[in-house]
A.B. asks: 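Provided herewith is a single structure, encoded as structure tokens, for subsequent inquiry.
Proteins come first, then strands; the chains are lettered A, B, ... in the order of their sequence lines, and each starts at number 1.
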Protein chains: 2
Amino acid sequence: MNLDKKKQKKPDQCKVVVALDSIVGKWKPLIIQHLLIDGTLRFNELRRRIPDITQRMLTLHLRELEEQDLVERVVYPQVPPKVEYSMTEYGKTLEPVMDVMHEWGAAHVEHMKEIDEQNKKLSQN
Amino acid sequence: MNLDKKKQKKPDQCKVVVALDSIVGKWKPLIIQHLLIDGTLRFNELRRRIPDITQRMLTLHLRELEEQDLVERVVYPQVPPKVEYSMTEYGKTLEPVMDVMHEWGAAHVEHMKEIDEQNKKLSQN
DNA sequence: CGGTATCCAGGATGATACTG
DNA sequence: CAGTATCATCCTGGATACCG
């Protein structure tokens, strides 16, 4: 999606930015997680697992993941069409990354809760 | 920064999304990394380390990181003003996360290079 | 020095309709 | 079923000017 423009002036000496680029997008992390968990999913199966995503965004994000060799797309030439998506072997190297983020995210939710409660107590005095 | 609207319809049952939310933003990863490396930096020191960032974005991102208890802001009441930023103890828990992403990012750059070269060879035939 | 306020452009996402 | 095309909207970030 506009890969030329993406190369412009980006602070991508930092590899974290590179990694984020592959993962970021409103629905990308969810797509990745479902494919990591379920292995292989058809287009509409993915769609059902991510209720609020639009057809358009699912298509766009899948295409980007494909371009990065993270997701594989297999088309069965039949009517009605059948298209299956799965993580590539390479794409599966993302799993540890997702795990680390998932754990940190869970801890962060807890941490923010504690902070909130502390603030409430303080404001009561 | 419009926290109300941020709560809208977001797929944040997924903790990865929570984590990403703290890290994402055009310059946030860079700010975090510099603070992790250098420990404490003044506003303009940070600015110099991230040449293309605008004053506005540096301020906005720092405020967001502060709200999440990731970054600490210390103001020295003097003229001219002096403000120091550093990661909170809690914020430092991001370090392993950043490391994992950094490593994956570096590997990804290499992987994409290989793919490109393969494609070039194929298109020559 | 370390900000804030305003305005604006472009990209990312959403809504909807149509198709092989 | 699995898309594409088009148009509308929203949001992020950039440019610029000003302030204590």
Side-chain angles (χ1 to χ4, degrees), chain A residues 1-12 17 20-31 35 40-67 71-86, chain B residues 1-12 17 20-31 35 40-67 71-86:
Chain A
M1 196 205 242
N2 235 333
L3 291 178
D4 300 324
K5 282 195 180 171
K6 277 199 172 176
K7 282 186 185 169
Q8 280 177 351
K9 245 199 213 169
K10 258 183 124 185
D12 47 11
V17 176
L20 280 171
D21 223 48
S22 303
I23 293 175
V24 164
K26 187 164 177 184
W27 311 95
K28 263 191 215 170
L30 291 179
I31 296 172
L35 290 179
T40 298
L41 289 172
R42 296 179 63 171
F43 187 83
N44 277 341
E45 287 175 333
L46 258 173
R47 224 182 143 186
R48 265 174 259 122
R49 275 166 177 70
I50 310 176
D52 290 334
I53 197 171
T54 59
Q55 210 165 17
R56 172 187 151 81
M57 286 317 296
L58 181 52
T59 304
L60 284 178
H61 280 156
L62 283 170
R63 293 287 178 283
E64 283 178 28
L65 293 169
E66 225 189 317
E67 273 179 35
V71 161
E72 189 183 13
R73 177 173 181 260
V74 179
V75 182
Y76 296 87
Q78 58 185 49
V79 182
K82 174 176 169 182
V83 181
E84 285 184 343
Y85 292 93
S86 57
Chain B
M1 200 205 239
N2 234 334
L3 291 179
D4 300 323
K5 282 197 181 169
K6 274 200 173 174
K7 282 187 185 166
Q8 281 177 351
K9 249 196 215 172
K10 256 185 130 181
D12 46 12
V17 177
L20 280 171
D21 222 47
S22 303
I23 294 174
V24 164
K26 186 163 178 187
W27 310 96
K28 262 192 215 169
L30 291 180
I31 295 172
L35 289 179
T40 299
L41 290 172
R42 297 180 63 171
F43 187 84
N44 277 341
E45 285 175 335
L46 259 173
R47 226 181 141 185
R48 262 175 261 123
R49 274 165 177 71
I50 310 175
D52 289 334
I53 197 172
T54 59
Q55 209 165 16
R56 170 187 149 82
M57 287 316 297
L58 182 51
T59 305
L60 284 178
H61 281 157
L62 283 170
R63 292 288 178 280
E64 284 178 26
L65 293 169
E66 225 189 317
E67 273 178 36
V71 161
E72 187 182 15
R73 176 172 181 260
V74 179
V75 183
Y76 296 86
Q78 58 184 50
V79 182
K82 173 176 171 183
V83 181
E84 285 185 345
Y85 292 92
S86 57

A.B. asks: Report the residue (A:G25 or B:K82) whose heavy-atom-nearest nucleotide on DNA chain C is the more 5′ of the two.
C.D. replies: B:K82
A.B. asks: As a test of reading the structure: which of D:dA2, C:dG14, C:dG2 is closest to the side chain of A:K26, going by heavy atoms?
C.D. replies: C:dG14
A.B. asks: Could you state the atom-to-atom distance from CG of A:D21 to P of D:dT12 in whole Å?
C.D. replies: 17 Å
A.B. asks: Can you tell me which nucleotide in D:dG3, C:dG14, C:dG2 comes closest to the side chain of A:M57?
C.D. replies: C:dG14
A.B. asks: To the nearest Å, how far apart are A:R73 CZ and D:dC1 C1'?
C.D. replies: 12 Å
A.B. asks: Identify all stems in which DNA chain C takes part, counting only runs of at least 3 consecutive pairs (Watson-Crick or G-U wobble, each distance under 3.5 Å), and give each as one range with another, ordered by first number.
C.D. replies: C:1-20 with D:1-20
A.B. asks: Compute whether any side-chain donor of one residue and acceptor of the other, for B:Y85 and B:E72, lie under 3.5 angstrom apart.
C.D. replies: no
A.B. asks: For B:D52 and D:dG14, what is the distance between atoms CG and C1' respectively, to the nearest whole Å?
C.D. replies: 11 Å
A.B. asks: In this structure, which one of A:T54, A:I53, A:D52 forms a side-chain contact (heavy atoms from CB on, under 4.5 Å) with A:I50?
C.D. replies: A:I53
A.B. asks: Is B:Y85 near enough to C:dG3 that one of its side-chain N or O atoms lies under 4.0 angstrom from OP1 or OP2?
C.D. replies: yes
A.B. asks: Just verifying a value: how many Å separate B:I31 CD1 and B:E64 CD, rounded to the nearest 0.5 Å?
C.D. replies: 9.5 Å
A.B. asks: Given 3.5 Å as the limit, does a donor-acceptor pair link the side chain of A:E66 with the main chain of A:R63, or not?
C.D. replies: no
A.B. asks: C:dG11 C1' sits how many Å from A:E64 CD, rounded?
C.D. replies: 12 Å
A.B. asks: Inspect the contact between B:E84 and B:R73 and indicate whether a charged nitrogen and a carboxylate oxygen are less than 4.0 angstrom apart.
C.D. replies: no
A.B. asks: Side chain of B:T54 only, please: which of D:dG3, D:dA15, C:dG2 is the nearest?
C.D. replies: D:dA15
A.B. asks: Run A:L62 and A:L46 through side-chain contact (heavy atoms from CB on, under 4.5 Å) and show every step you take.
C.D. replies: CA-CA 10 Å; A:L62 283 170; A:L46 258 173; 4.1 Å; yes
A.B. asks: Rounded to whole angstrom units, what separation is found between the CZ atom of A:F43 and the C1' atom of D:dA2?
C.D. replies: 6 Å
A.B. asks: So which nucleotide from C:dG14, D:dA2, D:dG13 ends up closest to the side chain of B:W27?
C.D. replies: D:dG13
A.B. asks: Relative to the 5' end of DNA chain D, which residue comes earlier, B:V24 or A:R48, by the nucleotide with the nearest heavy atom?
C.D. replies: A:R48
A.B. asks: Is B:H61 near enough to D:dT12 that one of its side-chain N or O atoms lies under 4.0 angstrom from OP1 or OP2?
C.D. replies: no
A.B. asks: Between A:L58 and A:F43, does a side-chain contact (heavy atoms from CB on, under 4.5 Å) hold up when you go through it step by step?
C.D. replies: CA-CA 8 Å; A:L58 181 52; A:F43 187 83; 3.8 Å; yes
A.B. asks: Can you tell me how far C1' of D:dG3 sits from CD of A:E84, to the nearest Å?
C.D. replies: 16 Å
A.B. asks: Taking the side chain of B:P81 as heavy atoms from C-beta outward, which of C:dG2, D:dG3, D:dC1 is closest to it?
C.D. replies: C:dG2
A.B. asks: Distance criterion of 3.5 Å, no angle test: do you see the side chain of B:R47 paired donor-to-acceptor with the base of C:dG2?
C.D. replies: no
A.B. asks: With distance as the sole test, does B:E45 use its side chain to make a donor-acceptor pair with the main-chain N or O of B:R42 at under 3.5 Å?
C.D. replies: yes
A.B. asks: What is the distance from CG of A:L62 to P of D:dG3, rounded to the nearest Å?
C.D. replies: 8 Å
A.B. asks: On DNA chain D, does the nearest nucleotide to A:T59 precede the nearest nucleotide to A:P80 from the 5' side, or the other way round? Give the residue.
C.D. replies: A:P80
A.B. asks: With respect to the side chain of A:R56, which nucleotide from D:dG3, C:dG2, D:dT6 is positioned closest?
C.D. replies: D:dT6
A.B. asks: Round to the nearest Å and state the distance from B:L46 atom CG to C:dG3 atom C1'.
C.D. replies: 14 Å
